[in-house]
Amino acid sequence: MKYVKYRVTEKKSSDLDNWPELYNNHLINNFMNEQENMEARLWEYIDGLTTEAEKSAIEKLIETNLEWQRTYRELLEAHKLITSTELESPSMRFTKNVMEDIAKYHVAPATSSYINKKIIWGVAAFFIVMIVGFVIYSFGQLTWANSSSSSIISPKLEKLNWGKFLNNSYTNIFVMINVILGLMLLDMYLTRKKKLLR
Amino acid sequence: MHGELTDTEIISRVLKGEQQLFAALVERYQNYVFTLVLRFTDNREDAEELSQDIFVKAYRSLADFRGESKFSTWLYTIVRTSCITFLRKKKLDVTSIDNEKTLVQLESRESAFKANQVEAKSRQAMVNEAIELLSPDDAQIITLFYKGEQSLEEIGQIIGAEPNTVKVKLHRARHRLKEKMEKYFSHEVREIQGD
(Lines give C-alpha, C1' and ligand atoms only; values in the text may rest on other atoms or scores of the structure.)
Protein backbone atom coordinates (compact mmCIF):
# COMPACT_ATOMS: atom_id res chain seq x y z
CA MET A 1 0.00 0.00 0.00
CA LYS A 2 2.80 2.33 0.94
CA TYR A 3 4.50 1.47 -2.30
CA VAL A 4 1.38 2.33 -4.26
CA LYS A 5 1.09 5.65 -2.45
CA TYR A 6 4.70 6.38 -3.19
CA ARG A 7 4.16 5.61 -6.86
CA VAL A 8 1.13 7.88 -7.00
CA THR A 9 2.97 10.71 -5.30
CA GLU A 10 5.92 10.24 -7.61
CA LYS A 11 3.67 10.40 -10.68
CA LYS A 12 1.93 13.49 -9.38
CA SER A 13 5.19 15.24 -8.74
CA SER A 14 6.42 14.44 -12.26
CA ASP A 15 3.12 15.73 -13.66
CA LEU A 16 3.53 18.86 -11.63
CA ASP A 17 7.00 19.35 -13.02
CA ASN A 18 5.56 19.27 -16.51
CA TRP A 19 2.42 21.23 -15.71
CA PRO A 20 3.15 24.21 -17.97
CA GLU A 21 3.51 21.83 -20.92
CA LEU A 22 0.40 19.83 -19.94
CA TYR A 23 -1.58 22.99 -19.41
CA ASN A 24 -0.47 24.28 -22.79
CA ASN A 25 -1.46 20.99 -24.47
CA HIS A 26 -4.83 21.18 -22.76
CA LEU A 27 -5.30 24.75 -23.98
CA ILE A 28 -4.21 23.83 -27.50
CA ASN A 29 -6.63 20.85 -27.57
CA ASN A 30 -9.46 23.03 -26.32
CA PHE A 31 -8.64 25.67 -28.89
CA MET A 32 -8.51 23.09 -31.70
CA ASN A 33 -11.87 21.64 -30.64
CA GLU A 34 -13.41 25.09 -30.47
CA GLN A 35 -11.94 26.03 -33.83
CA GLU A 36 -13.24 22.81 -35.41
CA ASN A 37 -16.66 23.28 -33.85
CA MET A 38 -16.80 26.87 -35.07
CA GLU A 39 -15.84 25.82 -38.60
CA ALA A 40 -18.40 23.01 -38.61
CA ARG A 41 -21.16 25.38 -37.53
CA LEU A 42 -20.11 28.00 -40.06
CA TRP A 43 -20.07 25.45 -42.89
CA GLU A 44 -23.60 24.39 -41.93
CA TYR A 45 -24.60 28.06 -42.00
CA ILE A 46 -23.00 28.61 -45.42
CA ASP A 47 -24.62 25.44 -46.82
CA GLY A 48 -28.00 26.57 -45.49
CA LEU A 49 -28.38 23.50 -43.31
CA THR A 50 -29.07 25.34 -40.05
CA THR A 51 -32.41 25.89 -38.35
CA GLU A 52 -33.80 29.41 -38.00
CA ALA A 53 -32.67 29.63 -34.37
CA GLU A 54 -29.14 28.43 -35.18
CA LYS A 55 -29.00 30.78 -38.15
CA SER A 56 -29.78 33.87 -36.10
CA ALA A 57 -27.37 32.77 -33.34
CA ILE A 58 -24.55 32.33 -35.87
CA GLU A 59 -25.36 35.64 -37.54
CA LYS A 60 -25.11 37.33 -34.17
CA LEU A 61 -21.75 35.68 -33.49
CA ILE A 62 -20.43 36.77 -36.89
CA GLU A 63 -21.50 40.32 -36.15
CA THR A 64 -20.05 40.51 -32.66
CA ASN A 65 -17.09 38.14 -32.57
CA LEU A 66 -14.02 39.01 -34.64
CA GLU A 67 -12.73 35.43 -34.70
CA TRP A 68 -16.07 34.14 -36.05
CA GLN A 69 -16.14 36.99 -38.54
CA ARG A 70 -12.64 36.19 -39.83
CA THR A 71 -13.29 32.45 -40.11
CA TYR A 72 -16.65 33.07 -41.81
CA ARG A 73 -14.97 35.23 -44.47
CA GLU A 74 -12.31 32.58 -45.04
CA LEU A 75 -14.83 29.76 -45.37
CA LEU A 76 -17.14 31.81 -47.57
CA GLU A 77 -14.21 32.50 -49.88
CA ALA A 78 -13.37 28.78 -50.02
CA HIS A 79 -17.04 28.00 -50.67
CA LYS A 80 -17.14 30.49 -53.57
CA LEU A 81 -13.94 29.03 -54.99
CA ILE A 82 -15.24 25.47 -54.87
CA THR A 83 -18.57 26.39 -56.44
CA SER A 84 -16.79 28.35 -59.20
CA THR A 85 -15.07 25.24 -60.54
CA GLU A 86 -16.33 23.73 -63.75
CA LEU A 87 -16.86 20.10 -64.56
CA GLU A 88 -14.36 18.24 -66.69
CA SER A 89 -15.50 17.21 -70.15
CA PRO A 90 -14.72 13.97 -71.97
CA SER A 91 -13.80 13.92 -75.66
CA MET A 92 -16.22 15.15 -78.33
CA ARG A 93 -16.87 11.59 -79.49
CA PHE A 94 -17.95 10.41 -76.06
CA THR A 95 -21.72 10.24 -76.66
CA LYS A 96 -21.20 8.64 -80.06
CA ASN A 97 -18.89 5.99 -78.56
CA VAL A 98 -21.40 5.18 -75.81
CA MET A 99 -24.26 4.91 -78.31
CA GLU A 100 -22.19 2.62 -80.55
CA ASP A 101 -21.47 0.40 -77.54
CA ILE A 102 -25.08 0.41 -76.42
CA ALA A 103 -26.29 -0.66 -79.89
CA LYS A 104 -24.81 -4.11 -79.17
CA TYR A 105 -26.95 -4.60 -76.07
CA HIS A 106 -30.53 -4.76 -74.90
CA VAL A 107 -31.86 -3.44 -71.63
CA ALA A 108 -31.70 -6.39 -69.22
CA PRO A 109 -34.99 -7.37 -67.55
CA ALA A 110 -35.51 -5.82 -64.13
CA THR A 111 -34.09 -7.90 -61.30
CA SER A 112 -37.51 -8.04 -59.66
CA SER A 113 -38.95 -9.77 -62.74
CA TYR A 114 -36.67 -12.77 -62.60
CA ILE A 115 -36.41 -13.02 -58.83
CA ASN A 116 -39.90 -14.32 -58.28
CA LYS A 117 -41.23 -13.77 -54.79
CA LYS A 118 -43.24 -16.99 -55.06
CA ILE A 119 -40.02 -18.95 -55.42
CA ILE A 120 -38.53 -17.23 -52.36
CA TRP A 121 -41.67 -17.97 -50.36
CA GLY A 122 -41.62 -21.55 -51.69
CA VAL A 123 -38.04 -22.08 -50.52
CA ALA A 124 -38.88 -20.55 -47.13
CA ALA A 125 -41.97 -22.76 -46.80
CA PHE A 126 -39.89 -25.81 -47.70
CA PHE A 127 -37.41 -25.18 -44.91
CA ILE A 128 -40.09 -24.21 -42.38
CA VAL A 129 -42.07 -27.40 -43.10
CA MET A 130 -38.88 -29.43 -42.74
CA ILE A 131 -37.84 -27.83 -39.43
CA VAL A 132 -41.35 -27.93 -37.93
CA GLY A 133 -41.73 -31.55 -39.05
CA PHE A 134 -38.50 -32.61 -37.37
CA VAL A 135 -39.32 -30.71 -34.19
CA ILE A 136 -42.81 -32.27 -33.96
CA TYR A 137 -41.43 -35.71 -34.65
CA SER A 138 -38.65 -35.30 -32.07
CA PHE A 139 -41.14 -34.19 -29.41
CA GLY A 140 -43.33 -37.14 -30.33
CA GLN A 141 -40.43 -39.48 -29.62
CA LEU A 142 -39.79 -38.05 -26.16
CA THR A 143 -41.05 -39.63 -23.00
CA TRP A 144 -41.85 -36.72 -20.76
CA ALA A 145 -40.15 -36.82 -17.40
CA ASN A 146 -41.81 -36.94 -14.04
CA SER A 147 -43.07 -33.52 -12.82
CA SER A 148 -40.55 -33.70 -9.94
CA SER A 149 -37.71 -33.23 -12.39
CA SER A 150 -36.30 -29.72 -12.48
CA SER A 151 -35.62 -29.81 -16.22
CA ILE A 152 -38.46 -29.28 -18.69
CA ILE A 153 -37.00 -31.70 -21.19
CA SER A 154 -36.22 -35.08 -19.82
CA PRO A 155 -32.69 -36.47 -19.88
CA LYS A 156 -34.22 -39.27 -21.92
CA LEU A 157 -33.59 -37.03 -24.89
CA GLU A 158 -30.19 -38.63 -24.94
CA LYS A 159 -31.82 -42.02 -25.23
CA LEU A 160 -33.63 -41.01 -28.39
CA ASN A 161 -33.66 -43.98 -30.74
CA TRP A 162 -32.18 -42.55 -33.90
CA GLY A 163 -32.38 -45.86 -35.72
CA LYS A 164 -36.11 -45.98 -35.15
CA PHE A 165 -36.34 -42.35 -36.12
CA LEU A 166 -34.73 -42.95 -39.49
CA ASN A 167 -36.56 -46.17 -40.31
CA ASN A 168 -40.01 -44.96 -39.36
CA SER A 169 -42.49 -45.01 -42.26
CA TYR A 170 -43.85 -41.57 -41.18
CA THR A 171 -40.35 -40.14 -41.55
CA ASN A 172 -40.00 -41.68 -44.97
CA ILE A 173 -43.30 -40.10 -46.01
CA PHE A 174 -42.20 -36.76 -44.62
CA VAL A 175 -38.86 -36.92 -46.44
CA MET A 176 -40.63 -37.93 -49.65
CA ILE A 177 -42.95 -34.91 -49.41
CA ASN A 178 -39.95 -32.64 -48.93
CA VAL A 179 -38.12 -34.21 -51.89
CA ILE A 180 -41.22 -33.71 -54.08
CA LEU A 181 -41.50 -30.08 -52.89
CA GLY A 182 -37.81 -29.57 -53.66
CA LEU A 183 -38.17 -31.05 -57.16
CA MET A 184 -41.22 -28.85 -57.80
CA LEU A 185 -39.22 -25.75 -56.83
CA LEU A 186 -36.32 -26.80 -59.06
CA ASP A 187 -38.74 -27.40 -61.95
CA MET A 188 -40.34 -23.96 -61.44
CA TYR A 189 -36.92 -22.32 -61.41
CA LEU A 190 -35.69 -24.11 -64.55
CA THR A 191 -38.93 -23.38 -66.47
CA ARG A 192 -38.65 -19.69 -65.65
CA LYS A 193 -34.99 -19.62 -66.66
CA LYS A 194 -35.86 -21.32 -69.97
CA LYS A 195 -38.56 -18.73 -70.65
CA LEU A 196 -36.12 -15.89 -69.98
CA LEU A 197 -33.55 -17.35 -72.36
CA ARG A 198 -36.16 -17.47 -75.15
CA MET B 1 -32.92 18.32 -78.88
CA HIS B 2 -34.52 16.50 -75.95
CA GLY B 3 -33.88 19.26 -73.46
CA GLU B 4 -37.52 19.49 -72.41
CA LEU B 5 -37.87 15.84 -71.48
CA THR B 6 -37.29 14.89 -67.87
CA ASP B 7 -34.99 11.99 -66.96
CA THR B 8 -37.97 9.80 -66.06
CA GLU B 9 -39.70 10.51 -69.37
CA ILE B 10 -36.55 9.66 -71.30
CA ILE B 11 -36.08 6.46 -69.31
CA SER B 12 -39.63 5.24 -69.85
CA ARG B 13 -39.31 5.89 -73.60
CA VAL B 14 -35.93 4.14 -73.78
CA LEU B 15 -37.46 1.17 -71.97
CA LYS B 16 -40.22 1.12 -74.61
CA GLY B 17 -37.56 0.69 -77.28
CA GLU B 18 -36.42 4.20 -78.24
CA GLN B 19 -32.78 3.36 -77.70
CA GLN B 20 -31.46 6.52 -79.37
CA LEU B 21 -33.07 8.68 -76.69
CA PHE B 22 -30.49 7.39 -74.24
CA ALA B 23 -28.04 9.79 -75.94
CA ALA B 24 -29.92 12.65 -74.24
CA LEU B 25 -29.12 11.17 -70.83
CA VAL B 26 -25.49 10.62 -71.82
CA GLU B 27 -25.18 14.23 -72.94
CA ARG B 28 -26.88 15.48 -69.78
CA TYR B 29 -24.66 13.55 -67.35
CA GLN B 30 -21.39 12.87 -69.18
CA ASN B 31 -19.52 15.77 -67.55
CA TYR B 32 -20.70 14.82 -64.05
CA VAL B 33 -19.78 11.18 -64.53
CA PHE B 34 -16.45 11.98 -66.20
CA THR B 35 -15.45 14.42 -63.44
CA LEU B 36 -16.33 11.95 -60.71
CA VAL B 37 -14.44 9.15 -62.43
CA LEU B 38 -11.46 11.42 -62.97
CA ARG B 39 -11.30 11.95 -59.18
CA PHE B 40 -10.63 8.23 -58.86
CA THR B 41 -8.45 7.49 -61.86
CA ASP B 42 -6.23 10.58 -62.27
CA ASN B 43 -5.92 9.65 -65.90
CA ARG B 44 -8.15 11.04 -68.65
CA GLU B 45 -7.91 7.96 -70.87
CA ASP B 46 -8.88 5.56 -68.09
CA ALA B 47 -11.58 7.98 -66.97
CA GLU B 48 -13.10 8.17 -70.43
CA GLU B 49 -13.09 4.41 -70.89
CA LEU B 50 -14.56 3.83 -67.45
CA SER B 51 -17.22 6.52 -67.94
CA GLN B 52 -18.22 4.83 -71.19
CA ASP B 53 -18.55 1.48 -69.38
CA ILE B 54 -20.63 3.16 -66.68
CA PHE B 55 -23.16 4.47 -69.22
CA VAL B 56 -23.36 1.04 -70.87
CA LYS B 57 -23.95 -0.54 -67.44
CA ALA B 58 -26.59 2.07 -66.66
CA TYR B 59 -28.31 1.37 -69.97
CA ARG B 60 -28.30 -2.38 -69.44
CA SER B 61 -29.76 -2.10 -65.95
CA LEU B 62 -32.13 0.76 -66.75
CA ALA B 63 -35.13 -1.47 -66.00
CA ASP B 64 -33.91 -1.63 -62.39
CA PHE B 65 -34.27 2.14 -61.97
CA ARG B 66 -37.57 2.40 -60.12
CA GLY B 67 -37.66 6.18 -59.83
CA GLU B 68 -37.42 6.07 -56.02
CA SER B 69 -34.43 8.42 -56.19
CA LYS B 70 -33.14 10.92 -58.73
CA PHE B 71 -31.63 9.31 -61.84
CA SER B 72 -28.36 11.11 -61.07
CA THR B 73 -28.21 9.54 -57.58
CA TRP B 74 -28.78 6.09 -59.09
CA LEU B 75 -26.16 6.78 -61.79
CA TYR B 76 -23.58 8.00 -59.25
CA THR B 77 -24.05 4.77 -57.31
CA ILE B 78 -22.99 2.91 -60.46
CA VAL B 79 -20.07 5.37 -60.83
CA ARG B 80 -18.88 4.66 -57.30
CA THR B 81 -19.10 0.86 -57.51
CA SER B 82 -17.46 0.83 -60.94
CA CYS B 83 -14.62 3.09 -59.76
CA ILE B 84 -14.01 0.96 -56.69
CA THR B 85 -13.93 -2.19 -58.83
CA PHE B 86 -11.55 -0.45 -61.26
CA LEU B 87 -9.21 0.57 -58.45
CA ARG B 88 -9.34 -2.90 -56.91
CA LYS B 89 -8.28 -4.29 -60.23
CA LYS B 90 -5.41 -1.82 -60.20
CA LYS B 91 -4.61 -3.02 -56.66
CA LEU B 92 -5.23 0.38 -55.15
CA ASP B 93 -7.21 0.89 -52.00
CA VAL B 94 -9.39 3.96 -51.76
CA THR B 95 -11.17 3.17 -48.54
CA SER B 96 -9.07 5.37 -46.32
CA ILE B 97 -6.67 8.25 -46.51
CA ASP B 98 -4.61 6.52 -43.87
CA ASN B 99 -3.90 3.73 -46.27
CA GLU B 100 -0.20 3.55 -46.93
CA LYS B 101 -0.51 3.12 -50.68
CA THR B 102 -2.87 6.04 -51.00
CA LEU B 103 -0.48 8.17 -49.02
CA VAL B 104 2.43 7.17 -51.19
CA GLN B 105 0.32 7.97 -54.23
CA LEU B 106 -0.69 11.33 -52.80
CA GLU B 107 2.87 12.19 -51.86
CA SER B 108 4.12 11.47 -55.35
CA ARG B 109 1.31 13.58 -56.79
CA GLU B 110 2.19 16.40 -54.41
CA SER B 111 5.88 16.36 -55.30
CA ALA B 112 5.11 16.28 -59.03
CA PHE B 113 2.74 19.15 -58.45
CA LYS B 114 5.35 21.30 -56.66
CA ALA B 115 7.42 21.36 -59.83
CA ASN B 116 4.66 23.14 -61.74
CA GLN B 117 3.78 25.46 -58.93
CA VAL B 118 5.65 28.48 -60.25
CA GLU B 119 3.14 29.38 -62.89
CA ALA B 120 0.22 31.46 -61.78
CA LYS B 121 -3.05 29.58 -61.59
CA SER B 122 -6.50 30.67 -62.50
CA ARG B 123 -9.00 30.28 -59.67
CA GLN B 124 -10.69 27.30 -61.26
CA ALA B 125 -7.48 25.52 -62.18
CA MET B 126 -6.21 26.12 -58.66
CA VAL B 127 -9.24 24.57 -56.98
CA ASN B 128 -9.31 21.69 -59.43
CA GLU B 129 -5.65 20.94 -58.77
CA ALA B 130 -6.19 21.17 -55.02
CA ILE B 131 -9.11 18.71 -55.32
CA GLU B 132 -6.84 16.36 -57.28
CA LEU B 133 -4.44 16.38 -54.32
CA LEU B 134 -7.15 15.03 -52.02
CA SER B 135 -7.88 11.35 -51.50
CA PRO B 136 -10.45 9.94 -53.99
CA ASP B 137 -13.04 9.70 -51.20
CA ASP B 138 -12.65 13.36 -50.21
CA ALA B 139 -12.58 14.52 -53.83
CA GLN B 140 -15.68 12.51 -54.63
CA ILE B 141 -17.71 13.83 -51.71
CA ILE B 142 -16.83 17.44 -52.59
CA THR B 143 -17.67 16.90 -56.26
CA LEU B 144 -20.99 15.23 -55.44
CA PHE B 145 -22.01 18.00 -53.06
CA TYR B 146 -20.89 21.01 -55.10
CA LYS B 147 -21.10 19.80 -58.66
CA GLY B 148 -23.34 16.73 -58.63
CA GLU B 149 -26.26 18.63 -57.09
CA GLN B 150 -26.69 15.92 -54.47
CA SER B 151 -28.02 16.50 -50.97
CA LEU B 152 -26.41 14.95 -47.89
CA GLU B 153 -29.13 12.25 -47.90
CA GLU B 154 -28.48 11.46 -51.55
CA ILE B 155 -24.72 11.31 -51.05
CA GLY B 156 -25.48 8.96 -48.16
CA GLN B 157 -27.38 6.69 -50.55
CA ILE B 158 -24.49 6.74 -53.01
CA ILE B 159 -21.69 6.00 -50.56
CA GLY B 160 -23.80 3.90 -48.19
CA ALA B 161 -23.61 6.15 -45.12
CA GLU B 162 -25.92 8.09 -42.84
CA PRO B 163 -26.48 11.79 -43.68
CA ASN B 164 -24.76 12.81 -40.43
CA THR B 165 -21.69 10.77 -41.34
CA VAL B 166 -21.72 12.41 -44.76
CA LYS B 167 -21.88 15.83 -43.10
CA VAL B 168 -18.79 15.04 -41.01
CA LYS B 169 -16.94 13.59 -44.03
CA LEU B 170 -17.80 16.64 -46.11
CA HIS B 171 -16.61 18.94 -43.36
CA ARG B 172 -13.31 17.09 -43.08
CA ALA B 173 -12.88 16.98 -46.85
CA ARG B 174 -13.40 20.75 -47.09
CA HIS B 175 -10.98 21.28 -44.24
CA ARG B 176 -8.32 19.23 -46.05
CA LEU B 177 -9.03 21.08 -49.29
CA LYS B 178 -8.59 24.40 -47.53
CA GLU B 179 -5.28 23.14 -46.09
CA LYS B 180 -4.08 22.08 -49.55
CA MET B 181 -5.02 25.42 -51.04
CA GLU B 182 -3.24 27.30 -48.26
CA LYS B 183 -0.19 25.07 -48.59
CA TYR B 184 0.23 25.12 -52.35
CA PHE B 185 -1.62 28.23 -53.48
CA SER B 186 -1.04 30.62 -50.61
CA HIS B 187 -0.09 33.39 -53.04
CA GLU B 188 -3.23 32.97 -55.16
CA VAL B 189 -5.44 32.59 -52.09
CA ARG B 190 -4.04 35.85 -50.65
CA GLU B 191 -4.67 37.58 -53.97
CA ILE B 192 -8.26 36.37 -54.04
CA GLN B 193 -8.82 37.43 -50.44
CA GLY B 194 -7.41 40.83 -51.30
CA ASP B 195 -9.91 41.30 -54.16
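Excluded from the calculations below are hydrogen atoms, water molecules and symmetry mates; all remaining heavy atoms, backbone and side chain alike, are included. Please read these numbers as outputs of a predicted model, since none were measured by experiment. Per chain, numbering begins at 1; letters A, B, ... match sequence-line order.
A salt bridge does not link Glu162(B) to Lys169(B): none of the charged side-chain nitrogens sits closer than 4.0 Å to a carboxylate oxygen. Classification of Glu74(A) and Arg70(A) as a salt-bridged pair holds, one side-chain N sitting under 4.0 Å from a carboxylate O. Between Glu63(A) and Lys60(A) there is no salt bridge, since no side-chain N of the basic residue sits under 4.0 Å from a carboxylate O of the acidic one.
No side-chain heavy atom of Trp74(B) sits under 4.5 Å from any side-chain heavy atom of Arg66(B).
For chain A, the nearby parts of Leu62(B) are the backbone and the side chain; heavy atoms of each come within less than 4.5 Å. Only the side chain of Phe145(B) comes within less than 4.5 Å of a heavy atom of chain A; its backbone N, CA, C and O stay farther away. When heavy atoms are compared at a cutoff of 4.5 Å, Leu36(B) does not approach chain A at all. With a 4.5 Å cut-off on non-hydrogen atoms, Tyr59(B) touches chain A through its backbone and its side chain both.
Screening residues 81-100 of chain A for ring-ring contact (aromatic ring centres under 6.0 Å, His included) gives Phe94(A)-Phe55(B) as the qualifying pairs, with residues at least two apart or on separate chains.
The greatest number of non-hydrogen atom pairs below 4.5 Å with chain B, out of Ser89(A), Ala40(A), Ala103(A), Ala108(A), is found for Ser89(A). Put simply, of Lys178(B), His175(B), Arg174(B), the one with the most heavy-atom pairs under 4.5 Å next to chain A is Arg174(B). Options Lys167(B), Gln52(B), Arg172(B) differ in how many heavy-atom pairs under 4.5 Å they form with chain A, and the most are formed by Gln52(B).
For Asp7(B), the salt bridge (Lys or Arg N to Asp or Glu O under 4.0 Å) partners are Arg28(B), not counting sequence neighbours.
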